[in-house]
Undergrad: 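This is the structure I want to talk about, given as structure tokens.
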Amino acid sequence: MEFEIKQLKPKDEKRWGDFVMENDRTTFYHQIGWKNVVQKTYDHEPYYLFAEDEVGNIAGIFPLFYMNNLFFGRRLVSVPFSPYGGVCAVDDSVEKALIDEAIDIGDNLGVDYCEFRNFKTNIYGNISCTRNFSTFLLDVSAGHENVWNKMNRNVRNRIRKGIKSNLKYEMEASLEGISTFYELYSWSMKRLGTPVHDQEFFRNIIKQFPGNVFTSRASLDGLPIASFYLLTFKDVLITAWGAALSEFFQYAPNDFMYWNCVEYASENNLSWVDFGRSLVNSGNQVFKTRWGCTEFPLNYSYSPPSMILRPPHDEYKKYAKVWSRLPLSLTAKIGPNIRRDIP
């Protein structure tokens with residue numbers, strides 16, 4: 001196949017979008033709208049590459065962002081603030097050419113490393129791959145009753161606990177739901193020692209993807225105790241961000257929330273629920289496996305290969321305990337300024 005590697009221009013965006021919807025390896029985060037969200041919220045510089053064949057069709061895409069921070073260094077990431085992204089192409093030769101071009105761009109920018117977040121293992125040259133994360137997809141195509149009958153008995157008991165505790169579930173696809181979600185999210189991230197996204201980040205996602213973004217919440221006696229930020233893409237419901245107040249864990253709000261996601265997806269002609277990214281050998285991994293999810297290892301590739309010896313997320317762990325002890329008023333104020341540079 002004859003093809004040429006180009007950088008995206010506004011006139012190419014429709015063709016890019018058509019490729020995203022037609023290719024079976026693309027994800028929510030490959031959409032042009034994600035570029036707009038990241039640019040508008042955090043002002044990172046995009047390098048969106050695509051391969052054009054001899055008849056003018058797009059044969060592959062590779063969305064990238066240049067991130068430059070004095071403390072965290074210079075990086076080229078595909079794509080930030082998402083569990084997966086990476087290169088998608090119609091064959092290996094196009095994929096290799098796009099990766100080579102991305103590495104060349106990284107070299108010209110003087111980056112410390114490139115990070116490509118793929119489902120597929122990279123088999124090319126000067127790259128190393130690590131599998132520190134997985135995502136977990138639950139097949140709901142046969143209906144939620146089929147999921148119920150196959151799941152772990154302990155999971156069913158915890159769902160029943162939430163129902164018997166009279167938890168109320170609500171979903172909405174409007175900006176009004178952001179405030180409740182963000183309040184719970186801020187508390188939860190502080191407890192975990194993780195800086196929060198700017199609230200505008202979540203507002204911008206809804207604005208870019210109207211009809212494909214929802215917030216949901218579980219309430220106890222009128223008090224919201226858990227909330228999810230949900231995305232839909234093709235036939236998948238993605239639980240992109242979630243939060244719950246730890247003092248109400250006795251009511252199993254997370255199990256209750258995930259079950260309502262399963263019901264919603266199966267009743268709205270969706271085939272999968274993506275339970276989100278988790279660290280390998282973590283409690284979250286065990287939790288999601290008990291639901292009957294299929295685990296998909298995420299292949300994070302690095303250039304230069306030496307980066308595999310020091311996965312970037314390890315750098316943030318040592319600050320988590322300190323962050324969790326700070327007052328919420330402080331973490332909410334300074335968190336977004338830090339989070340903008342943690343991909």
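Start at 1 with the first residue, then count along the sequence.
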Undergrad: With a 4.0 Å cut-off on N to O distance, would you call E95 and R25 a salt bridge?
TA: yes
Undergrad: Any side-chain donor paired with an acceptor under 3.5 Å for Q285 and E295?
TA: yes
Undergrad: Count the heavy atoms of every other residue, nucleotide or ligand shown that sit under 6.0 Å from CG of L223, and state whether that count exceeds 12.
TA: yes
Undergrad: State, to 0.1 Å, how close D139 and V147 come at their nearest heavy-atom pair, and which atoms those are.
TA: O-CG2, 3.6 Å
Undergrad: May I have the list of side-chain donor-acceptor pairs in residues 326-334 shorter than 3.5 Å, sequence neighbours left out?
TA:
unit_1: T331; atom_1: OG1; unit_2: L328; atom_2: O; d: 3.1

Undergrad: For the atom pair CD1 (I225) and CZ (F248), what is the distance rounded to the nearest 0.5 Å?
TA: 6.0 Å
Undergrad: Would a line drawn from the ring center of H44 to the ring center of Y66 be shorter than 6.0 Å?
TA: no
Undergrad: For C261 and T239, which heavy atoms make the closest approach, and how far apart are they?
TA: SG-CG2, 4.0 Å
Undergrad: Output side-chain donor-acceptor pairs under 3.5 Å for residues 151-161, partner residues at least two apart or in another chain, one line each.
TA:
unit_1: N152; atom_1: OD1; unit_2: N154; atom_2: N; d: 2.7
unit_1: R156; atom_1: NH1; unit_2: W148; atom_2: O; d: 3.1
unit_1: R156; atom_1: NH1; unit_2: M151; atom_2: O; d: 2.9
unit_1: N157; atom_1: OD1; unit_2: R160; atom_2: NH1; d: 2.9
unit_1: R158; atom_1: NE; unit_2: D255; atom_2: OD1; d: 2.8
unit_1: K161; atom_1: NZ; unit_2: Q250; atom_2: O; d: 3.1

Undergrad: Testing the 3.5 Å rule here: is there a donor-acceptor pair between the side chains of K234 and S271?
TA: no
Undergrad: Would you confirm whether S216, through its side chain, and E170, through its main-chain N or O, come within 3.5 Å as a donor-acceptor pair?
TA: no
Undergrad: Check this for me, if you would: do R15 and D12 make a salt bridge, where the nitrogen-to-carboxylate-oxygen distance has to be below 4.0 angstrom?
TA: yes
Undergrad: Between Y84 and R117, is there a cation-pi geometry (under 6.0 Å to ring centre, at most 45° from the normal)?
TA: no
Undergrad: Return the OH to CZ distance between Y169 and F228, rounded to the nearest 0.5 Å.
TA: 7.5 Å
Undergrad: Is the shortest distance from a Lys or Arg side-chain nitrogen in D18 or K14 to a carboxylate oxygen in the other one below 4.0 Å?
TA: yes
Undergrad: Does the side chain of S324 come under 3.5 Å of the side chain of K190 through a donor N or O and an acceptor N or O?
TA: no
Undergrad: Please state whether the rings of Y182 and Y185 are parallel, tilted or perpendicular, taking 30° and 60° as the class boundaries.
TA: tilted
Undergrad: Indicate yes or no for a side-chain donor-acceptor contact from N204 to the backbone of E200 under 3.5 Å, with no hydrogens or angles considered.
TA: yes
Undergrad: Would you say E2 has more than 12 foreign heavy atoms packed within less than 6.0 Å of its CD?
TA: no
Undergrad: Search all heavy atoms of V196 against all heavy atoms of S186 and return the closest pair with its distance.
TA: CG1-CA, 3.8 Å
Undergrad: Any idea which heavy atoms bring S278 and N284 closest together, and the distance?
TA: OG-CB, 3.3 Å
Undergrad: Okay, side chain of N69, backbone of D341: is any donor-acceptor separation there less than 3.5 Å?
TA: no
Undergrad: Could you report the tightest heavy-atom contact between A102 and F116, atom names first, then the distance?
TA: CB-CZ, 4.0 Å
Undergrad: What's the separation between atom CE in M1 and atom CG in N57, rounded to the nearest 0.5 Å?
TA: 9.0 Å
Undergrad: Using only atom types and a distance under 3.5 Å, with no angle test, would you say the side chain of W16 pairs donor to acceptor with the backbone of H30?
TA: yes
